[in-house]
Chemist: 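Here's a structure for you.
Since this is a predicted model, take the numbers as computed values, not measurements. Per chain, numbering begins at 1; letters A, B, ... match sequence-line order.
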Amino acid sequence: MPEAPDVLPTTYEPSDIEAPLFAFWLEAGYFSREAAGFADFAKAPHTIVIPPPNVTGVLHMGHALNNTLQDILTRRARMQGRPTRWIVGTDHAGIATQNKVEQKLASEGLTRFDLGREAFVAACWDWRKTYGSTIIEQLKGMGCSCDYAQEHFTMDLDYAKAIRRVFVDWYREGLIYRGLRIINWCPRCTTALADDEVEHVEETGHLWHLRYPLVEPVGGFEYLVVATTRPETMLGDTGVAVNPDDARYRALVEAGAQVRLPLMDRVIPVFADDYVDRNFGTGVVKVTPAHDPNDFEMGMRHNLEQINILTEQAYINTNGGRFAGLSREQAREAVVAALDELGLLERVEEHDHAVGHCYRCATTIEPWASEQWFVAMKGLAAPAIEAVRDGRVAFHPQRWENIYFHWMENIRDWCISRQLWWGHRIPVFYCDSCGWIDALEEDATVCPICGAALRQDEDVLDTWFSSQLWPFVTQGWPGDVASGASSETLAAWPELAAYYPTQVLSTARDIIFLWVARMVMSSMYCLSGTVPFTDVIIHPTVLDKYGNIMSKSRGNGIDPMELIAEYGADAMRFGLAIQVTGAQDLKFDKEKLGVYRNFATKIWNAARFVLMNLEGAAEGATEEVAEGVAAGAAEGVAAVTAEGATDAGATDAGVAADAVPRADAGAVSQRVTPQAYSAADRWILSRLARLTHVLNNEHADFDFGSSARALYAFFWNEFCDWYIELAKGQLTQGDEPRAAVRRNLVFVLDTALRLLHPMMPFVTDRIWRTLPHGDERPSLMVAAWPDPDVLSAYIDEEAERSIELLCAVVTTVRAVRASYGISPRQELDVVVRTGGQRAADDTRALKAQAAQLRRMAKIAHFAVAPDASKPPQSSVNIIQGLEVYVVLEGLIDFAVERARLTRKREKAAGDWERLSKKLANEGFLAKAAPEVVEKTRADAAELEAELAQIDEQLASFA
RNA sequence: GGGCGAUUGGCGCAGCGGUAGCGCAGCUGCUUUACACGCAGAAGGUCGGCGGUUCAAAUCCGUCAUCGCCCACCA
């Protein structure tokens, strides 16, 4: 839609406007850092890297929330004219992708081994080509303004280069090493996992008490009783341990007692180790060095044999004797049964314990001893801890820093090798002939020492090893810069020099360790200590409406694309943003989105009203607006300067007066200017100015919820409920007031659309492109963000007071009408008596509003004066220091009125009592802030007057 | 075993030191010059319990309770 449409359809249909608008933005090139020429490169840049979704992923509610927040920040920065880029891409997701492809093969009756490594990796690339852009397309459906022209992927060539650079550097510095450890093994994925890729789930299992017969009785013991949660591992036991200080078993240790391992008929030692807790179970622990991390440590300390009893799919292997071939579950049953038969099962207890599960496939993890590659983390962590401590990186909400510190200060070495085929292969080469080993940036085939053929390590790297480099690899690192040559300065990379560190990293709390912390560490290592981003937003977790985590197994997930189809992307975005507060969870009820779709509809209809009134009049109203643009900026400003406001911003009230930077765009982007004709005009401009300040205060960046609430309240409760209603009157009051109100309707709507755009990009731009605001920019996406300092000129307390009074009178008359069941069409006479210090000002203000009051409250005769007396047969209300008399001659029902007044009196009396008590309190008078005391006095005085007035009324009814 | 969140009208949430707010639902009226995905009006909580600090607490401190999350090698 290159041409701006000149009409809004009667009904708001999100699905009709979203896709064409997105295509228009994309086509226009607004998503790049240049923003089609509208970016001002003199301004501070704004860069965000998206947490790269898995290529296998489909958008879920967490993504929807996270990307809404990033887009809000990105769009606002872009409107501020900053060179803005939201870097997008996907993660190759080693295990997840490999699983997908293996599933696909399985459906054809094949395994990856049938294909072989090379063909399998090719199949992964095919898969990625076919399905891998799903999530990117979904981001577009949300309206995310990412830089799609430069999509990154963690298996790209530049990425491979970066990985090898980092790996080799760390290897050379001894930070990467290979070792035999107990690692977390997923027998379904058949790979190692890092500690934080294991999810611990509290489960009720059993504690089996097993009798291990001693080879020779010692100190009265024929056998020892060990307690275990995993009886099948006994097949691999190579020792039995007790605590050295445990008197019960001291004789056994001293005698060098031995146990004959049941079923296996293996003689194993009894020994003492501090690890054993005397108070748990029987105080005797069976030791299985190959299948338990603690047992492994003990095994090392006591030179125990490691007997691996499991295959990589967790079936019992030949070391398990007659149990070989059973699954671990079958083996458990069989072992227990066999022991029971031998009379060696003493008892079984229920026992709660945490069991590790694979974070990808939920299979129970098997601790398993094997050779893996590790990164030594302590040294990398130290500067990263410092960076958060001294504020170079700030978490929002701040409390997440503690989580980060706790993990970083207790960091353990990172197991980075995975027994997968899909991923970055570990760049370590071995010469089997002379034993040479090295990590290499470039592939090599021959041994530099002996010339024999080299063999590359079979394993690939943990996916997080690549993701941790995301903030700088996506910006050109390492490029052609040689290793070591550049570690002193960022200057070697022009893009990084200009756009690194990035500004914000927004993510869910569950990857603070997996990803955020590692980015800080690796970025600081690779880029001479520079942090990768300055602010980290940890957004709430989206739960279902009952407060449960959304998950596949619960089946309680919600598809954001369905929400978009049903409510529109804008409603979904706004509905998510408004729920972002400092809390850590967000209960999401899709029904509630109806509210925000209604809000979008409200905006739409308000715009239709404005447009209708520009066209509706006989003499083309758009021309009046156009005049306001051309000449009048002066006029609009004159009105402001008359109020004693600044003369800055005069020619461009409310919007930063940036020249359109495109050569062909030429002149200043001139907007329609406001014209403060009536109190209502000055009021709405004042309220708009205040709103703009709220959205630009120091907390606004991360306080999405309160920004959204402020926008909602302004647009609906102030602009629609009052200003548009007042405008209806002002439109009929003659040429000059009509011209003014038309300009203000356009100006305020225009400004509000700008403020709403980051949260609701579609409706706002669709309307904006139709509205004759005079701004020559082709899209709201690249229009200027309202400048609070310029708008400050419109803050007008007197106008705010005037409209408050008007609203008070109107509301009062309506309420009286409702309580007497008087038809809205029945006109009433109203008298207002002003009082107190403000009597003269209030009288003048209300007199000026007489016509509007008559219209809005259906008043026939209206009078206001400081000494007005109450007409007979009238109801009384005291509000805002006004006494409002509604004449109800012939209608008044003394009983109803007395009941109403009595209710009011009770409330007022209660309030008065509370305040009086306060004022009688010496401590309050002495210690409270003077302005608080003053306000309390004034409020009390007002209540006193109200009570007197009500009493007088009640008396007159007697 | 530690740590962190949450606890405010029927429901979902704001407020976080000066007389309790919003939205939904419910109630009463409305074809009012955009909008019934609407307009107007009324009703409804004393802010989980207890104790403390303060002139003043939903708001700060302590403690308990309930729900949830994270971390932790007790087999």
Side-chain angles (χ1 to χ4, degrees), chain A residues 8 10-12 182 200 207 226-230 233 241 275-277 279-282 284-288 292-297 351 353-354 367 397 399-400 402-403 406-407 410 509-510 512-513 540-541 543 545 547-549 567 571 578-579 581-589 591-592 594-613 616 705-706 709 712-713 717 720-721 724-725 728-729 731-732 810-811 814-819 821-825 855-856 858 910-911 914-915 918 921-929 932-933 935-936 939:
Chain A
L8 291 183
T10 313
T11 49
Y12 162 63
I182 291 276
H200 292 276
L207 198 55
V226 299
T228 179
T229 55
R230 306 185 57 216
T233 60
Y275 164 76
V276 180
D277 180 350
N279 301 317
F280 187 90
T282 57
V284 186
V285 182
K286 63 189 267 317
V287 182
T288 323
D292 181 278
N294 299 305
D295 293 5
F296 180 86
E297 295 293 324
H351 180 66
H353 61 146
R399 73 184 117 88
W400 294 108
N402 293 326
I403 308 291
H406 182 257
W407 189 75
N410 296 286
R509 62 174 179 269
D510 53 356
I512 293 177
F513 311 140
T541 300
L543 308 176
K545 65 173 166 172
N548 300 308
I549 288 174
Y567 300 98
I578 203 168
Q579 292 183 75
T581 62
Q584 65 180 16
D585 297 323
L586 180 168
K587 280 190 230 176
F588 185 84
D589 181 356
E591 303 297 323
K592 295 284 186 312
V595 173
Y596 306 107
R597 186 209 34 218
N598 295 354
F599 182 45
T601 308
K602 189 77 178 175
I603 297 169
W604 183 267
N605 284 310
R608 284 180 53 233
F609 172 83
V610 172
L611 289 166
M612 188 176 288
N613 280 288
S706 58
R709 257 172 263 120
Y712 185 94
N717 304 122
C720 291
D721 288 351
I724 285 186
E725 292 310 315
K728 287 173 183 172
L731 282 163
T732 65
V810 170
T811 303
R814 284 172 178 165
V816 169
R817 208 186 276 282
S819 70
I822 299 168
S823 154
R825 267 165 298 184
R855 215 187 70 82
M856 295 191 67
K858 277 278 175 190
D911 289 348
R914 199 174 309 119
L915 295 189
K918 237 180 175 179
N921 184 336
E922 296 285 339
F924 175 70
L925 297 175
K927 296 190 179 174
V932 173
V933 175
K935 179 163 186 310
T936 308
D939 290 349

Chemist: Output the distance between atom CG (D292(A)) and atom CD (E297(A)), rounded to the nearest 0.5 Å.
Modeler: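 D292(A) atom CG to E297(A) atom CD measures 10.0 Å (nearest 0.5 Å).
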Chemist: For V595(A), which contact category applies under a 4.0 Å heavy-atom criterion: base, sugar-phosphate, or nothing?
Modeler: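 Since only primed, P, OP1 and OP2 atoms lie under 4.0 Å of V595(A), the category is sugar-phosphate.
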Chemist: For the side chain of D277(A), counting heavy atoms from C-beta on, which of rA40(B), rC69(B), rC74(B) is nearest?
Modeler: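 In terms of side-chain proximity for D277(A), the closest of rA40(B), rC69(B), rC74(B) is rC74(B).
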Chemist: Using a 4.0 Å heavy-atom cut-off across all strands, classify F599(A) as base, sugar-phosphate, or nothing.
Modeler: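 Here F599(A) touches no strand at all.
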Chemist: Could you check whether R608(A) gets within reach of a base, just the sugar-phosphate, or nothing at all, counting any heavy atom under 4.0 Å?
Modeler: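 Sugar-phosphate, no base atom in range.
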Chemist: Nearest to the side chain of E725(A), which nucleotide is it out of rG23(B), rC35(B), rC55(B)?
Modeler: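 Out of rG23(B), rC35(B), rC55(B), the nucleotide with an atom closest to E725(A)'s side chain is rC35(B).
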Chemist: Report yes if a donor N or O on one partner sits less than 3.5 Å from an acceptor N or O on the other, where the partners are the side chain of K592(A) and the base of rC24(B); otherwise report no.
Modeler: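 Result: no qualifying N/O pair found.
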Chemist: How many whole angstroms separate atom CZ of R597(A) from atom P of rC35(B)?
Modeler: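 Rounding to the nearest Å, CZ of R597(A) and P of rC35(B) are 17 Å apart.
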Chemist: Select from N921(A) and R399(A) the residue whose nearest nucleotide in RNA chain B is closer to the 5' end of that strand.
Modeler: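 Counting from the 5' end, the first nearest nucleotide belongs to R399(A).
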Chemist: What contact category does T581(A) fall into here, base, sugar-phosphate, or nothing, at under 4.0 angstrom with non-hydrogen atoms?
Modeler: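 If one applies the 4.0 Å heavy-atom cut-off, T581(A) turns out to touch the sugar-phosphate alone, with no base involved.
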Chemist: Check whether any side-chain heavy atom of I603(A) sits under 4.5 Å from a side-chain heavy atom of R608(A), and report yes or no.
Modeler: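 Not touching, per the 4.5 Å side-chain cut-off.
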Chemist: Have a look at D721(A) and say if it touches a base, only the backbone sugar-phosphate, or nothing, with a 4.0 Å heavy-atom cut-off.
Modeler: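 It contacts sugar-phosphate atoms only.
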Chemist: State, yes or no, whether a side-chain contact exists between R814(A) and K858(A) at a heavy-atom distance under 4.5 Å.
Modeler: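 Contact flag for R814(A)/K858(A) side chains = no.
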Chemist: Can you tell me, in whole Å, how much space there is between the P of rA14(B) and that of rA6(B)?
Modeler: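 Going atom to atom, P in each nucleotide, I get 9 Å.
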Chemist: Measuring from the side chain of K602(A) (C-beta onward, heavy atoms only), which nucleotide among rA75(B), rC39(B), rG23(B) has the closest atom?
Modeler: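 My answer, after comparing the listed nucleotides, is rC39(B).
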Chemist: Check every strand shown and say whether I724(A) touches a base, only sugar-phosphate, or nothing at a heavy-atom separation below 4.0 Å.
Modeler: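 Answer is base: heavy atoms of I724(A) come under 4.0 Å of a base.
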Chemist: Within the 4.0 Å heavy-atom criterion, would you say R709(A) contacts the bases, only the backbone, or no part of the nucleic acid?
Modeler: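 Sugar-phosphate contact only.
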Chemist: Heavy atoms under 4.0 Å, any strand shown: does A929(A) hit a base, just sugar-phosphate, or nothing?
Modeler: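 Here A929(A) touches the bases of the nucleic acid.
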Chemist: When you get a sec, tell me which of rA34(B), rC73(B), rA75(B) is the closest nucleotide to the side chain of C720(A)?
Modeler: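 The nucleotide sitting nearest to the side chain is rA34(B).
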Chemist: What integer number of Å spans the C1' atoms of rU46(B) and rC16(B)?
Modeler: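 Per the computed distance, 16 Å lies between those C1' atoms.
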Chemist: Considering only atom P, compute the distance from rG23(B) to rG41(B) and round it to an integer number of Å.
Modeler: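 The same atom, P, in both gives a distance of 12 Å.
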Chemist: Measure CG/N294(A) against P/rA75(B) and give the value in whole Å, please.
Modeler: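 The answer, rounded to whole Å, is 9 Å.
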Chemist: For nucleotides rC47(B) and rU7(B), find the distance between their C1' atoms and express it as a whole number of Å.
Modeler: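 It comes out at 10 Å once rounded to the nearest Å.
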Chemist: So what does A815(A) touch, heavy atoms closer than 4.0 Å: a base, only the sugar-phosphate, or nothing?
Modeler: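 Contact class for A815(A): sugar-phosphate only.
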Chemist: Once you apply a heavy-atom cut-off of 4.0 Å, does V276(A) come out as touching a base, just sugar-phosphate, or nothing?
Modeler: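 Here V276(A) touches the bases of the nucleic acid.
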Chemist: With a 3.5 Å cut-off and just heavy-atom distances, do the side chain of Q579(A) and the base of rA14(B) make a donor-acceptor pair?
Modeler: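 No such pair is found, so the answer is no.
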Chemist: Check whether any side-chain nitrogen or oxygen of S823(A) sits under 4.0 Å from OP1 or OP2 of rC30(B), and answer yes or no.
Modeler: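 Looking at the OP1 and OP2 atoms of rC30(B), neither is under 4.0 Å from any side-chain N or O of S823(A).
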Chemist: Which whole number of Å gives the distance between the P atom of rA58(B) and that of rG9(B)?
Modeler: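 Nearest-Å result for rA58(B) against rG9(B) at atom P: 15 Å.
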Chemist: Rounded to the nearest angstrom, tell me the gap between atom CG in D585(A) and atom C1' in rU7(B).
Modeler: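 After rounding, the gap between these two atoms is 13 Å.
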Chemist: Sticking with atom C1', work out how far rC67(B) lies from rG49(B), rounded to a whole angstrom.
Modeler: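 The answer is 16 Å between these two C1' atoms.
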Chemist: Using a cut-off of less than 4.0 Å, is there contact between a side-chain N or O of N598(A) and OP1 or OP2 of rC35(B)?
Modeler: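 Checking rC35(B) against N598(A), no side-chain N or O comes under 4.0 Å of OP1 or OP2.
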Chemist: What nucleic acid atoms does T936(A) come within less than 4.0 Å of, heavy atoms only: base, sugar-phosphate, or nothing?
Modeler: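 No contact at all - T936(A) keeps every heavy atom at 4.0 Å or more from the nucleic acid.
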Chemist: Do V284(A) and V226(A) have side chains that approach each other closer than 4.5 Å (heavy atoms only, starting at C-beta)?
Modeler: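 Result yes, sub-4.5 Å side-chain heavy-atom pair found.
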Chemist: Taking the same atom, P, in rA36(B) and in rA42(B), what whole-Å distance lies between them?
Modeler: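 One P to the other, the span is 23 Å.
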Chemist: Distance check, rounded to the nearest 0.5 Å: T936(A) atom OG1 versus L915(A) atom CG?
Modeler: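 Going from OG1 on T936(A) over to CG on L915(A), the span is 6.5 Å.
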Chemist: Would you say the side chain of K728(A) and the base of rA34(B) hold a donor-acceptor pair, judged only by whether the two atoms sit under 3.5 Å apart?
Modeler: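 Yes, a donor-acceptor pair under 3.5 Å.
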Chemist: Can you see if the side chain of H406(A) gets near the phosphate of rG2(B) - specifically, an N or O under 4.0 Å from OP1 or OP2?
Modeler: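 So the side-chain polar atoms of H406(A) never come under 4.0 Å of the phosphate oxygens OP1 or OP2 of rG2(B).
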Chemist: Determine the interatomic distance between C1' on rU8(B) and the same-named atom on rU66(B); round to the nearest Å.
Modeler: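 It works out to 16 Å between them.
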Chemist: For T229(A) and for Y596(A), locate the closest nucleotide of RNA chain B by heavy-atom distance; then report the residue assigned to the nucleotide nearer the 5' terminus.
Modeler: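 Its nucleotide being nearer the 5' end, the pick is Y596(A).
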Chemist: Does rC35(B) have OP1 or OP2 under 4.0 Å away from a side-chain N or O of T601(A)?
Modeler: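 So the side-chain polar atoms of T601(A) never come under 4.0 Å of the phosphate oxygens OP1 or OP2 of rC35(B).
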Chemist: Identify whether the distance between the nearest side-chain nitrogen and carboxylate oxygen of D585(A) and R509(A) falls below 4.0 Å.
Modeler: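 So D585(A) pairs with R509(A) through a salt bridge.
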Chemist: Do Y567(A) and Y596(A) make the cut of ring centroids closer than 6.0 angstrom?
Modeler: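 Y567(A) vs Y596(A): aromatic centres not under 6.0 Å.
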Chemist: Would you say R825(A) places a side-chain N or O within less than 4.0 Å of OP1 or OP2 belonging to rU31(B)?
Modeler: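 Checking R825(A) against rU31(B): at least one side-chain N or O falls below 4.0 Å of OP1 or OP2.
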Chemist: With respect to the side chain of A818(A), which nucleotide from rU33(B), rU19(B), rG41(B) is positioned closest?
Modeler: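 Of the options given, the side chain of A818(A) lies nearest rG41(B).
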Chemist: Within the structure shown, what part of the strands sits under 4.0 Å from R817(A) by heavy-atom distance: base, sugar-phosphate, or nothing?
Modeler: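 No contact at all - R817(A) keeps every heavy atom at 4.0 Å or more from the nucleic acid.
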